[in-house]
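First up is the structure itself, then whatever we jot down about it.
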There are 2 protein chains.
Amino acid sequence: MKVEVAMQKLKEKGYKYTQKREKILEIFTKVNGYLSVKDVYKKIKQDYPTISLNTVYLNLSFFEEAEILETTDLNGEKVYRFSCEDQHHHHIICTECGKVKAINICPMDAIYGNPPGFTITGHKFEIYGCCDECNK
Amino acid sequence: MKVEVAMQKLKEKGYKYTQKREKILEIFTKVNGYLSVKDVYKKIKQDYPTISLNTVYLNLSFFEEAEILETTDLNGEKVYRFSCEDQHHHHIICTECGKVKAINICPMDAIYGNPPGFTITGHKFEIYGCCDECNK
DNA sequence: TTTTAAATAATAATAAATACTATTTATTTC
DNA sequence: GAAATAAATAGTATTTATTATTATTTAAAA
Ligand SMILES: [Mn+2]
Ligand SMILES: [Mn+2]
Ligand SMILES: [Zn+2]
Ligand SMILES: [Zn+2]
């Protein structure tokens, strides 16, 4: 997703435009992987040294709500990345640096209906690994 | 896994026998699902009102290390359950109460070798839902 | 029974995440 | 463009999960 499209999406949801929000999104476009709140905080501090960590927390939550960012847990920490807008798929994730690679298989294709006693609301399929860079 | 087998496994790894450990394992046998540390703490307090929360934390970690318990994240919290010793499989999990049901499909069966640029170290496939009891 | 190494309790320390409030700012309205 | 308003932000406090520390107790070995 492009930054402008994401900002437009935000606007439609009634959020205001701010430079910091744009910058946060820009940070995510430059990374093909998950970032923690602190990762984003460190990066945006280069441009806005006085930004509050709380602001980063809030905005990442808003972005998630607006389905601009998606999240997962990496080592017990919530991490964020740009939502994949193309067809539903899953990822292999480097547990060291958060880098991702798409996997064009969804195990739900083999699941028919709801298992007895349960109503399905979601699923997660993630392969974990170490990328070549982190392997060095 | 039976409690005695698990305690035996612990012994082999050099851990001592304690009543509290046995009780913790007993708690897990009575529940077909994941429990948080606090869940276990509350339950065991009925028998050992002076037990320390830290003791629960420590023992659950030991059990995980000894592969007696397995874990996942539920609503950002680490939760534990008895390890499945039968053939590798996955689960549908009630996000309300942690109850689980086996799914005899593993998406890794369709993955051959390592994707370029990555070394696979693990995977997670979980279906989330709400069980009939929690739906009421 | 004595020894000793691990288990526990009690408490302190960390770290992620959330809550609160005064101030600032983007956007609306005139 | 200036004033009004509602949201965004900074700064700080609080909460909550988890880990660390240390003195005491206890299971198991000698
Ligand atoms: Mn993708
Ligand atoms: Mn199972
Ligand atoms: Zn990596
Ligand atoms: Zn349930």
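Residue numbers start from 1 in every chain, and the chains themselves are labelled A, B, ... in the order their sequence lines are given, proteins ahead of strands. The figures that follow rest on heavy atoms only: side chains count, while hydrogens, waters and symmetry mates do not.
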How many whole angstroms separate atom [atom1] of [X] from atom [atom2] of [N]?
X	N	atom1	atom2	result
Lys20(B)	dA6(C)	NZ	P	18 Å
Leu58(A)	dT18(C)	CG	P	9 Å
Met7(A)	dA7(D)	CE	C1'	13 Å
Leu53(B)	dA20(D)	CG	C1'	14 Å
Lys78(B)	dA16(C)	NZ	P	15 Å
Ile44(B)	dT8(C)	CD1	C1'	12 Å
Gln19(A)	dT24(C)	CD	P	18 Å
Asn75(B)	dT18(D)	CG	C1'	17 Å

Of the listed nucleotides ([options]), which one gets closest to any side-chain atom of [X]?
X	options	result
Phe62(B)	dA10(D), dA17(D), dA7(C)	dA7(C)
Asn59(B)	dA17(C), dT8(C), dG11(D)	dT8(C)
Asn54(B)	dA17(D), dA9(C), dG11(D)	dA9(C)

Requested in this report: Starting from the 5' end of DNA chain D, give me the residue, Glu77(B) or Tyr48(A), whose nearest nucleotide shows up first.
Outcome: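 Here Tyr48(A) is the residue nearer the 5' end.
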
**Report entry** Residues Lys23(B), Glu26(B): salt bridge by 4.0 Å N-O rule
**Finding:**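 Yes, Lys23(B) and Glu26(B) are salt-bridged.
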
**Report entry** Note: Lys13(B)-Glu67(B) ion pair, threshold 4.0 Å (strictly below)
**Finding:**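 Glu67(B) and Lys13(B): not salt-bridged.
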
Query - Backbone N/O of Ala102(B) and side chain of His91(B): donor-acceptor pair under 3.5 Å - result: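 No: the side chain of His91(B) does not pair with the backbone of Ala102(B).
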
Write down the atom of [X], the atom of [Y], and the distance for their closest heavy-atom approach.
X	Y	value
Gly33(A)	Arg81(A)	O-CB, 3.4 Å
Pro116(A)	Lys101(B)	O-CE, 3.1 Å
Phe125(B)	His90(B)	O-ND1, 3.1 Å

Report task. Have a look at Ile51(A) and say if it touches a base, only the backbone sugar-phosphate, or nothing, with a 4.0 Å heavy-atom cut-off. Result ->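 Sugar-phosphate only.
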
**Report entry** Neighbours of DNA chain D within residues 34-42 of chain B, by heavy-atom distance under 4.0 Å
**Finding:**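 Residues of residues 34-42 of chain B under 4.0 Å from DNA chain D: Lys38(B).
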
Query raised in the report: Does a side-chain N or O from Arg21(B) land closer than 4.0 Å to OP1 or OP2 of dT8(C), or not?
Result: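 So the side-chain polar atoms of Arg21(B) do come within 4.0 Å of the phosphate oxygens OP1 or OP2 of dT8(C), strictly under.
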
Report task. Decide yes or no on ring-ring contact (aromatic ring centres under 6.0 Å, His included) for Phe62(B) and Tyr15(B), but give the supporting numbers first. Result -> CA-CA 9 Å; Phe62(B) 292 152; Tyr15(B) 293 100; 5.0 Å; yes

Just the atom pairs and distances: protein N or O near nucleotides 28-30 of chain D's N or O, under 3.5 Å.
| residue | atom | partner | partner atom | Å |
| --- | --- | --- | --- | --- |
| dA28(D) | OP1 | Tyr17(B) | N | 2.9 |

Report task. Taking the six-membered ring for Trp and the single ring otherwise, decide whether the centroids of His88(A) and His123(A) are under 6.0 Å apart. Result ->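 Distance test on ring centres: under 6.0 Å, yes.
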
**Report entry** Qualifying ring pair (Phe, Tyr, Trp, His ring centres under 6.0 Å) pairs, either residue in residues 25-50 of chain B, two or more places apart
**Finding:**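 The answer is none; no pair qualifies.
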
